Novice: 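Once you've had a glance at the structure underneath, I'll fire off some questions.
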Amino acid sequence: MIYTESFDGTDMEVKVAKSAGFCFGVKRAVDKVYELIEEGRTGIYTLGPIIHNEEVVRDLEEKGVQVLSDITEADVKKPDVVVIRSHGVPKSVYDFMKERNIEYLDVTCPFVKKIHRIVQKESAEGKHIVIIGNARHPEVQGICGWCEGPYTVIEKSEEAEEFIKQNYDSICVVSQTTFNFIKFEEYVEILMKKSYHCRVVINTICNATEERQSEAEKIAKSADTMIVIGGKNSSNTQKLFEICSKYCSNTYYIQTLNDLEFETLKFTGCVGITAGASTPNNIIEEVSKHVRNEF
Ligand code: F3S
């Protein structure tokens, strides 16, 4: 679905992707933290920034919410409540908190929780777990932490080619929820070149991501300029930028309106706007209004 806004008197059209911005899991996580604040709770800590968006994290900080970079810091900082964000965490983090009786609020996205359950079960049954995703991403690190046996993270096609040289009997393949669907299919095809005693492949890419990526691609194909809004550390925004740049050479990656250098920009034709899963609606609206009014 695409919102198209055409404006009389200009030769410019603005298309804002309907799937831009907070997904269900991120919205749920952020809402829960604000609910804790409204309940008057103090000593709220999130384990890592609640989302990859500096604006939101700053607002929460101003309201007293602090960030633990590692759960072991809880021993020193003594939080009243720890919020587990939508990315999820390894099983060892729950064990750590339970051992110390630390109160926690778990807002792991249910789609990520489902992957934890899959890898835990399949690895307990003896399968080698293959996670297609970015090994440095907290979601993937969380998934790894639910495997009860060996696992491999594959981010590039060469790594998939290397993997099939190993002699694993049974494998189970899952994906980071925000991974690029085309690449996932490509890597699975490589893994299919080898025969296994048992091979389970589960596409765990979240629909919200697929939808956002395919809508971005569709808009980018017809746009003269694309604006991708999101935190610089947000991997799903980086992927959107990658997709949009492929189809529209004039693509900008911004965090907020301030990053658009208006003095040097000239928008004409069709301007497409999309945003990552952790971009608040007010930022998307601000950018689209500005583009519409200023150009
Ligand atoms: Fe969950 Fe999908 Fe968002 S996995 S956190 S709803 S991108």
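Remember, it's 1-based here, ligands and their atoms both numbered in the order they're listed. In this text the structure is predicted, and so the values were computed from the model without any measurement. Numbers here simply count residues along the sequence, with the first being 1.
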Novice: When you look for heavy atoms under 4.0 Å from ligand 1, do you find them on the side chain of A277, its backbone, both, or neither?
Specialist: neither
Novice: Using a strict 4.0 Å cut-off to heavy atoms of T177, name the atoms of ligand 1 that fall inside it.
Specialist: 4 (S)
Novice: List the atom of G230, the atom of T237, and the distance in Å for their closest heavy-atom pair.
Specialist: CA-CG2, 3.5 Å
Novice: Test E217 against K246 for salt bridge (Lys or Arg N to Asp or Glu O under 4.0 Å), laying out the working first.
Specialist: CA-CA 9 Å; E217 179 181 321; K246 191 172 162 192; over 6 Å; no
Novice: Quick check on atom 1 (Fe) of ligand 1: does C23 put an N/O/S atom closer than 2.8 Å to it?
Specialist: no
Novice: Relative to the heavy atoms of C109, which atoms of ligand 1 are at a distance of less than 4.0 Å?
Specialist: 1 (Fe), 4 (S), 5 (S), 6 (S)
Novice: To the nearest 0.1 Å, how far is atom 6 (S) of ligand 1 from its closest protein heavy atom, and which atom is that?
Specialist: G25 N, 3.5 Å
Novice: Would you say the rings of W146 and Y94 are close, in the sense that their centroids are separated by under 6.0 Å?
Specialist: yes
Novice: Against the six-membered ring of F22, is K27 placed for a cation-pi contact (under 6.0 Å from the centre, within 45° of the normal)?
Specialist: no
Novice: With atoms numbered from 1 as shown, which atoms in ligand 1 lie under 4.0 angstrom from a non-hydrogen atom of C206?
Specialist: 2 (Fe), 4 (S), 6 (S), 7 (S)
Novice: Using side chain to side chain contact (heavy atoms under 4.5 Å, CB included), reason through K232 and E54 one step at a time and then give a plain yes or no.
Specialist: CA-CA 9 Å; K232 58 177 183 292; E54 288 172 12; 2.9 Å; yes
Novice: Quick one: does ligand 1 sit under 4.0 Å from the side chain of N236, the backbone, both or neither, non-hydrogen atoms only?
Specialist: neither
Novice: Centroid separation under 6.0 Å, is that true for the rings of Y252 and F241?
Specialist: no
Novice: Would you mind listing which atoms of ligand 1 come within a distance below 4.0 Å of any non-hydrogen atom of T209?
Specialist: 7 (S)
